[in-house]
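Worksheet: one structure, shown below.
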Number of protein chains: 2
Amino acid sequence: MSLPRVLAALSDPTRIGIVRVLADGRERGWGQLRAPVAKSTLSHHLKILREAGITRTRQEGTRCYVTLRRAELDERFPDLTRALLAAADAEDVGEVTADES
Amino acid sequence: MSLPRVLAALSDPTRIGIVRVLADGRERGWGQLRAPVAKSTLSHHLKILREAGITRTRQEGTRCYVTLRRAELDERFPDLTRALLAAADAEDVGEVTADES
DNA sequence: CCGAATGTTCGAAGAATGTGGAACCCCGGA
DNA sequence: TCCGGGGTTCCACATTCTTCGAACATTCGG
């Protein structure tokens with residue numbers, strides 16, 4: 001979990017969008033993630049986020065659920081996540097939404 | 001000056017290093033920037049930073065001087081620069097230093 | 001057991017990135 | 001006027017990224 005890695009992961013609008021959806025701390029199944037990309041592409045983006053240490057993925061049966069690792073991020077990079085999310089909200093970055101569970 | 005652009009610019013260790021050197025607000029001639037890259041590569045990195053809106057370049061005769069656009073960054077992305085610089089310092093990202101003028 | 005749903009992985013194409021060398025431009029000094 | 005230092009631009013190369021479709025693995029439901 002290094003800073004350049006995290007920034008690279010977040011430099012893609014789709015991935016910032018995913019993080020924005022997860023910002024409220026709730027866990028989401030990624031069938032609920034509505035992103036304008038193919039299934040394999042979404043899988044790829046989630047992998048980048050996971051390997052950068054930004055998200056955690058939990059498997060349950062055939063489904064996967066993803067959460068933001070907010071506590072770890074805040075410990076390692078104090079205040080960065082908050083500032084980043086605020087900036088992303090201000091610019092409305094990403095076209096990812098989530099279905100209500 | 002968009003968030004993904006800024007994050008992409010800062011996802012390279014060399015460029016974070018440059019920003020760290022400029023963090024004190026002082027203007028630097030980029031003959032003073034000691035980065036372990038070729039001249040054309042440094043020029044490239046400075047261009048990325050400039051076009052992302054992170055730095056400003058001033059030309060004086062044959063030399064160029066660069067400053068961090070801290071005020072503009074803070075206005076657009078409140079607190080982001082501070083959090084980013086703190087994280088970069090904590091990890092000691094980048095191998096760029098500056099000669100004393 | 002078979003089929004549908006859900007992710008992952010693989011292969012590929014196209015674009016972007018980081019890097020350095022060589023040539024070029026511009027200005028200042030001798 | 002010529003030379004040299006300082007930057008930029010152009011080209012080339014290797015690497016990485018983004019994207020998708022197709023094939024595969026796994027698990028649940030009927």
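Chain identifiers are assigned alphabetically (A, B, ...) following the order of the sequence lines, protein sequences preceding nucleic acid strands; residue numbering begins at 1 within each chain.
Picking from C:dT19, D:dT18, D:dC20 the nucleotide with the shortest atom distance to the side chain of A:Asp12 gives D:dT18. Here D:dG7 is the nucleotide among C:dT19, D:dG7, D:dT19 with the atom lying nearest to any side-chain atom of B:Arg63. Checking D:dT18, C:dT19, C:dG7 against every side-chain atom of A:His45, the shortest atom distance belongs to D:dT18. With C:dT19, D:dT8, C:dG20 as the candidates, the nucleotide lying closest to the side chain of B:Ser40 is C:dG20.
Rounded to whole angstrom, the span from the CG atom of B:Leu42 across to the P atom of C:dT19 amounts to 11 Å. Residue A:Leu46 contributes atom CG, which lies 13 Å from atom P of D:dT19 at whole-angstrom precision. Between A:Leu7 atom CG and C:dT17 atom P there is a gap of 16 Å when expressed in whole angstrom units. Between the CG atom of A:Leu33 and the P atom of C:dG7 there is a distance of 10 Å, given to the nearest Å. Atom P of nucleotide C:dT9 and atom CD1 of A:Ile48 are separated by 12 Å, given to the nearest angstrom. Atom-to-atom, CH2 of A:Trp30 to P of C:dT6 comes out at 13 Å; the value is rounded to the nearest Å. Rounded to whole Å, the distance from NZ on A:Lys47 to P on C:dT8 is 9 Å. Atom NZ in B:Lys39 sits about 14 Å away from atom P in C:dC24, given to the nearest Å.
The shortest distance between side-chain heavy atoms of B:Arg63 and B:Trp30 does not fall below 4.5 Å. Using a 4.5 Å heavy-atom threshold, the side chains of B:Leu68 and B:Leu73 count as touching.
With hydrogens and angles ignored, no donor-acceptor pair under 3.5 angstrom links the side chain of B:Ser43 to the base of D:dG7. For D:dG7, its base never sits under 3.5 Å from the side chain of B:Thr62 at any donor and acceptor pair.
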Practice task
Might you work through the salt bridge (charged side-chain N to carboxylate O under 4.0 Å, His left out) test for A:Glu95 and A:Arg34, ending with a clear yes or no?
Solution key: CA-CA 8 Å; A:Glu95 304 176 37; A:Arg34 294 274 163 267; over 6 Å; no
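We find that A:Asp24 and A:Arg28 are joined by a salt bridge, their nearest charged nitrogen and carboxylate oxygen being less than 4.0 Å apart. Ion pair B:Asp79/A:Arg82 flagged as a salt bridge, since at least one NZ, NE, NH1 or NH2 atom sits closer than 4.0 Å to an Asp/Glu carboxylate oxygen.
Mapping B:Cys64 and A:Arg15 onto DNA chain D by nearest heavy atom places B:Cys64 at the nucleotide closer to the 5' end.
Residue-level contact check: B:His44 touches the bases, meaning some heavy atom is under 4.0 Å from a base atom.
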